[in-house]
Amino acid sequence: MTLVAERPVRATVPATPKRHKRVNVLPYLLIAPTLVATAYLLLYPLVRNVVISLQEFGLPQLVRGDAKFVGLANYIEVLHDPEFWAVVRRTLWFTAINVVLIMVLSTLVALLLVRLGKWLRLLVMGGLVLTWATPIIAATTVFQWLFQSRLGVVNWALAALGFEEYRNYTWFADGEATFGILVTLIVWQSVPFAALSLYAAMITVPQELYEAARIDGAGAWRVFSTITFPMLKAMFGLITCLEVIWVVKAFVQIWVISQGGPGQATTTLPVYAFQVAQSLQRYDLGAAVSMLMVVLLVLALLAYFRQLYRQEREA
């Protein structure tokens, strides 16, 4: 007798028709006006600036509207101008001084906030917020009054302390003095944001690490260098990049106080681009200078991010 193994019969399930998922376009429609407005306010000026930098665009072309494309001629003219490279060096020096002072002072203020009591901390934070909220023009005008030659508070205080050479001293006629005043103004305006951001990051560090370090006998500098800074290195890097951008594009403070003077002592790239565009009515060269400034800034930030990423990988 032959036994035949019966194969199990599989139940056939009727195929269900595939349903196409309906895409809800309502959310996209709701955010579309915001995206369009953002693209117009941010991308259009950038694209328009690039186009002008590639054209022969002066006052006649502005009136007639018959600008011709000249390729990279404007960039070549700017790059062959010794004054441009002098302005670049001054901008780098101005940026380095400001960013170093901002980061050092902001770190000290943030460490102070961590150690203060509740009410003193609120008082200091309130002062920082008020400083940060002060309009740029208003703050710049106040600094002009402070350093005014005859009625300025700074000259009066120095003369009262016995420094008679500063009585009626004209600060804004001296290039180095004007440079120092601008550095003081920009640092004063920048410290609140950086200090509050660093403070918000510092309070996230576990207190157990600090307690263990103090038990081991670590001092304040050792605690900061081995715990605080390594754990918040990304935050320090981010704030540094933001401050570099803020300082490089500083224009209003310099223009209101000195307009790049005396001479060219305080002329940075934004001021130089404006001077070329408005004084010489060479809007094409001004656009080229501003685009070169953007390129230099992007290259510097990319180099910094690359170094930071390499350190993170090695760690």
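The model shown is predicted, which means the values in this text are computed figures rather than measured ones.
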* For the residue pair Trp132 and Phe193, categorise the inter-ring angle as parallel (less than 30°), tilted (30 to 60°) or perpendicular (more than 60°). =>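 Judged by the thresholds at 30° and 60°, the geometry between Trp132 and Phe193 is tilted.
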Give a yes or no answer on whether the side chain of [X] reaches the backbone of [Y] with a donor-acceptor pair at less than 3.5 Å.
X      : Y      : result
Glu56  : Asp284 : no
Ser190 : Ile102 : no
Ser53  : Val50  : yes
Ser149 : Thr170 : no
Arg150 : Asn168 : no

May I ask you to test the [X]-[Y] pair for a side-chain heavy-atom distance under 4.5 Å?
X      : Y      : value
Tyr272 : Val276 : yes
Ile239 : Ser106 : no
Tyr283 : Gln278 : yes
Met231 : Leu209 : yes
Leu54  : Val70  : no
Leu79  : Trp85  : yes
Ile137 : Thr141 : yes

Quick check: closest heavy atoms across [X] and [Y], and the distance to 0.1 Å?
X      : Y      : result
Ala195 : Ala110 : O-CB, 3.6 Å
Leu196 : Leu128 : CD2-CD1, 3.9 Å
Ala277 : Gly286 : CB-CA, 4.3 Å
Arg222 : Ser225 : O-OG, 3.3 Å
Leu185 : Ala139 : CD1-O, 4.1 Å
Thr178 : Phe172 : OG1-CA, 3.4 Å

Mark yes when over 12 heavy atoms from residues, nucleotides or ligands other than [X] sit less than 6.0 Å from its [atom1]; otherwise mark no.
X      : atom1 : answer
Arg214 : CZ    : yes
Gln281 : CD    : yes
Trp156 : CH2   : no

* Take Glu243 and Trp246 through the side-chain contact (heavy atoms from CB on, under 4.5 Å) test and state the conclusion after the steps. => CA-CA 5 Å; Glu243 294 302 333; Trp246 161 260; 3.7 Å; yes
* Output every pair passing salt bridge (Lys or Arg N to Asp or Glu O under 4.0 Å) with a member in residues 71-97, not counting sequence neighbours, ordered by first then second residue. =>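 Sorted pair list: Glu77-Arg282.
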* Asked: Do Tyr210 and Thr228 pass the side-chain contact (heavy atoms from CB on, under 4.5 Å) test, and can you show the C-alpha distance, the side-chain angles, and the key distance before you say yes or no?
  -> CA-CA 9 Å; Tyr210 293 126; Thr228 306; 2.8 Å; yes
Are [Y] and [X] co-members of a hydrophobic cluster defined by side-chain heavy atoms under 4.5 Å apart?
X      : Y      : result
Val294 : Val244 : no
Val191 : Leu116 : yes
Ile97  : Leu108 : no
Val247 : Ile245 : yes
Val100 : Phe229 : no

* Trp171: what forms a ring-ring contact (aromatic ring centres under 6.0 Å, His included) with it, not counting sequence neighbours? -> Phe147, Tyr166, Tyr169
* To do: Could you walk me through whether Met291 and Leu46 pass the side-chain contact (heavy atoms from CB on, under 4.5 Å) test, one step at a time?
  => CA-CA 9 Å; Met291 292 309 304; Leu46 179 62; 4.0 Å; yes
Starting at [atom1] of [X], measure out to [atom2] of [Y] and round the result to the nearest 0.5 Å.
X      : Y      : atom1 : atom2 : value
Gln189 : Phe143 : CD    : CZ    : 7.5 Å
Thr91  : Phe94  : OG1   : CZ    : 8.5 Å
Gln259 : Ile254 : CD    : CD1   : 12.0 Å
Phe69  : Phe57  : CZ    : CZ    : 10.5 Å
Leu59  : Arg64  : CG    : CZ    : 9.5 Å
Met235 : Leu238 : CE    : CG    : 6.0 Å

* Please determine, by modelled atom types, if Ser258 and Thr266 share a side-chain donor-acceptor pair under 3.5 angstrom. => yes
* To do: Any chance you could pull the hydrophobic cluster mates of Leu299, using side-chain heavy atoms under 4.5 angstrom and chaining through other members?
  =>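 Leu299 shares its hydrophobic cluster with Val295.
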* Candidate pair Thr38 and Thr34, rule side-chain contact (heavy atoms from CB on, under 4.5 Å), full reasoning -> CA-CA 6 Å; Thr38 303; Thr34 303; 4.1 Å; yes
